[in-house]
Amino acid sequence: MVAHPEPVEPPEPPGPAASTASTASDASAGTAGTIRTARLDLLPLRVEHAEEMAQVLGDPALHAFIGGVPDTPAALRARYARLVAGSPDPGVRWLNWVLRRRADACLVGTVQATVTGEVAEIAWVVGTPWQGRGFASEAARGLVARLTRQSGSVRTVVAHVHPDHHASASVAAAAGLSPTDREQDGETRWELTVRARPDTKG
């Protein structure tokens with residue numbers, strides 16, 4: 001599953017419904033402002049998160065569907081620096097968050113969105129010790145809500161899921177996406193089409 005140039009894989013089953021409150025100053029989907037769900041704070045990615053996230057994402061099993069090996073703290077720091085700097089294409093926005101469990105302020109994973117025009121492609125990953133608790137689904141729902149409900153720009157949300165990765169499919173479904181008959185690099189394209197809200201002025 002690929003959103004930015006660095007792919008991540010969503011390995012989490014669906015969980016309980018989440019609230020989608022965010023800070024008032026971050027109401028636009030054009031900024032990676034804090035997103036607050038039932039149990040998580042989705043914090044804008046910073047380079048300083050690399051040390052802790054290298055441990056969160058350190059299980060080689062997370063790469064079962066995407067290949068490669070876990071990043072070292074130094075490699076992850078360099079990668080995060082590129083992501084925080086933003087896309088070199090002015091028509092593309094890279095939005096990235098780390099997932100902080102509110103109960104103990106522990107980082108448990110990441111979510112991201114690549115926004116091009118009216119299309120947002122999303123991806124997510126939760127560290128192995130925190131899987132099976134619904135965090136990926138909760139975070140994905142919060143992300144989709146931020147992209148679609150608080151901005152008039154995003155009309156389609158996309159995710160690419162390996163057909164054998166059933167947990168990933170469950171997360172995509174929990175976030176409101178549905179599978180299509182289209183594929184990319186062996187992964188199924190899932191989509192959510194957002195209906196334009198009626199104009200309430202007048």
Side-chain angles (χ1 to χ4, degrees), residues 1-4 7-45 86-87 89-97 99 109-126 134-163 165-185 187-202:
M1 177 178 192
V2 180
H4 304 330
V8 297
E9 185 70 22
E12 187 77 10
S19 68
T20 56
S22 59
T23 58
S25 62
D26 301 320
S28 171
T31 61
T34 300
I35 302 172
R36 187 177 175 90
T37 69
R39 298 173 294 168
L40 302 170
D41 291 322
L42 280 58
L43 306 176
L45 179 70
S87 170
D89 184 342
V92 177
R93 291 175 288 156
W94 290 351
L95 307 177
N96 301 268
W97 296 261
L99 314 182
T110 66
V111 294
Q112 58 178 305
T114 299
V115 182
T116 307
E118 296 184 343
V119 178
E121 181 163 0
I122 64 172
W124 55 90
V125 62
V126 168
F135 289 135
S137 295
E138 182 176 325
R141 285 194 295 266
L143 173 58
V144 170
R146 161 62 64 89
L147 293 170
T148 61
R149 298 179 192 172
Q150 299 180 2
S151 170
S153 61
V154 172
R155 289 286 175 260
T156 304
V157 180
V158 174
H160 286 90
V161 177
H162 192 284
H165 204 319
H166 304 300
S168 297
S170 295
V171 174
L177 282 68
S178 300
T180 71
D181 58 2
R182 299 169 62 185
E183 291 190 359
Q184 177 179 310
D185 298 328
E187 294 182 322
T188 302
R189 178 183 174 101
W190 288 61
E191 283 189 7
L192 169 64
T193 300
V194 182
R195 294 182 179 179
R197 288 176 293 184
D199 189 352
T200 57
K201 294 181 181 179

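FYI, the numbering just counts along the sequence from 1.
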**OP:** Taking all non-hydrogen atoms of both residues into account, name the closest pair between Ala173 and Trp190 and its distance.
**Re:** N-CZ3, 3.8 Å
Original post:
Looking only at heavy atoms, what is the nearest atom pair of Gly86 and Trp94, with distance?
Top reply: C-CE3, 3.7 Å
Subject >> Where Leu42 and Ala139 come nearest, the two heavy atoms and their spacing >> reply: CD2-O, 3.9 Å
Subject >> Student check: side-chain heavy atoms of Val119 and Val158 closer than 4.5 Å >> reply: yes
**OP:** Answer whether the closest heavy-atom distance between the side chains of Arg39 and Phe135 falls below 4.5 Å.
**Re:** yes
Original post:
Is the shortest heavy-atom distance from the side chain of Thr156 to the side chain of Glu191 under 4.5 Å?
Top reply: yes
**OP:** Tell me, please, which residues at least two apart from Glu183 pass salt bridge (Lys or Arg N to Asp or Glu O under 4.0 Å).
**Re:** none
Subject >> Nearest non-hydrogen partners of Leu99 and Thr110, listed with the distance >> reply: CG-N, 3.7 Å
Original post:
Closest heavy-atom contact between Val92 and Ser87?
Top reply: O-CB, 3.4 Å
Original post:
How long is the span from the OG1 atom in Thr188 to the CZ atom in Arg182, to the nearest 0.5 Å?
Top reply: 12.0 Å
Original post:
Are the side chain of Ser168 and the backbone of Val161 linked by a donor-acceptor contact shorter than 3.5 Å?
Top reply: no
Original post:
Less than 4.5 Å apart, any side-chain heavy atom of Pro44 and any of Thr34?
Top reply: yes
**OP:** Look only at the side chain of Glu138 and the backbone of Ala38, and say whether a donor-acceptor pair between them is shorter than 3.5 Å.
**Re:** yes
**OP:** For His165 and Glu187, test the side chains for any donor-to-acceptor distance below 3.5 angstrom and give the result as yes or no.
**Re:** no
Original post:
Quick check: does any side chain N or O of Thr37 sit under 3.5 Å from a backbone N or O of Leu40, one acting as donor and the other as acceptor?
Top reply: yes
Subject >> Polar side-chain atom of Asp41 near backbone of Leu43 as donor-acceptor pair, under 3.5 Å >> reply: no
Original post:
Counting only N and O atoms by type, is there a donor-acceptor contact under 3.5 Å from the side chain of Arg141 to the main-chain atoms of Gly176?
Top reply: no
**OP:** For residues Leu147 and Ala120, report the shortest heavy-atom separation together with the two atoms involved.
**Re:** CD1-CB, 3.9 Å
**OP:** Report yes or no: does Trp97 contribute a side-chain atom to a donor-acceptor pair with the main-chain N or O of Gly33 at less than 3.5 Å?
**Re:** yes
Original post:
Does some side-chain heavy atom of Val111 sit less than 4.5 Å from a side-chain heavy atom of Ile122?
Top reply: no
